[in-house]
Amino acid sequence: MVSFGDITGFVVQAVSEPVTLGWVVFGVLLLLVILFSIKHFLDIAVDMWKIPLAIIIDALDLLAYNNPYLDIASAIGAFVLFWVFAKRGHHMSKLFAILAAAEALVGVWLFPQFAFITNLLPLSTILMFILVWSD
């Protein structure tokens, strides 16, 4: 088993050796990788606030099993969420707006025999995850 003194001795020995160009290049590359990873994480974190709105829309769609007017509310909400709040100029957001609104309306208004399937599908949340991660 390795003791704390062995680890400290190894670190002291590694730090006291002269720094070569290879270690400097390795350190700069490691710093760049860390900075780009943080940038990617923060780009995703900036858009994560939209996911609870998509969950609320899916909850409205789930509650629309007994009240068909909640289907209309969830269709309008999904359309607004993806068309307005999604990335400006993003071509997938327009397509996802139409898909999410159509899925909400399929429930009771268009094909009532499939209402139990489409009301359980959290399509708005899934599509919002795709938009957030496709950045």
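Below, each value reflects all heavy atoms present in this structure, side chains not excepted, and no hydrogens, waters or symmetry copies. Source: prediction; values computed, not measured.
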> Which atom pair, heavy atoms only, marks the closest approach of L121 to E103?
Replying inline: O-OE2, 3.6 Å

> Nearest 0.5 Å, what's the OG-CD1 distance between S124 and I51?
Replying inline: 12.0 Å

>> Tell me whether V106 shares a hydrophobic cluster with L62, the cluster being built from Ile, Leu, Val, Met, Phe, Trp, Tyr side chains joined at under 4.5 Å.
In response: no

> Out of curiosity, D71 CG to L63 CG, how far, rounded to the nearest 0.5 Å?
Replying inline: 10.5 Å

>> Check for me, please, whether F41 and L31 land in the same ILVMFWY cluster - side-chain distances under 4.5 Å, paths through other members count.
In response: no

>> If I take atom CG from residue L42 and atom CE from residue M48, how far apart are they, to the nearest 0.5 angstrom?
In response: 12.5 Å

> Got a second to check how far T125's OG1 is from L53's CG, nearest 0.5 Å?
Replying inline: 10.0 Å

> Would you say the side chain of L99 lies within less than 4.5 Å of the side chain of F82, judging by non-hydrogen atoms?
Replying inline: no

> Do you know which two heavy atoms are closest between A104 and S74, and how far apart they sit?
Replying inline: CB-OG, 3.4 Å

>> When you group the ILVMFWY residues by side-chain heavy-atom contacts below 4.5 Å and let the links chain together, are L120 and L105 in the same group?
In response: no

> Can you hop from V132 to M92 via hydrophobic side chains spaced under 4.5 Å?
Replying inline: yes

> Would I56 and L127 show up in the same hydrophobic cluster when neighbours are defined by side-chain heavy atoms closer than 4.5 Å?
Replying inline: no

>> I want to check something: taking the side chain as every heavy atom from C-beta on, are I57 and M128 in contact at a cut-off of under 4.5 Å?
In response: no

> Atom CG in N119, atom CG in D58: separation rounded to 0.5 Å?
Replying inline: 10.0 Å

> Going by the angle between their ring planes, with limits at 30° and 60°, are W23 and F26 parallel, tilted or perpendicular?
Replying inline: perpendicular

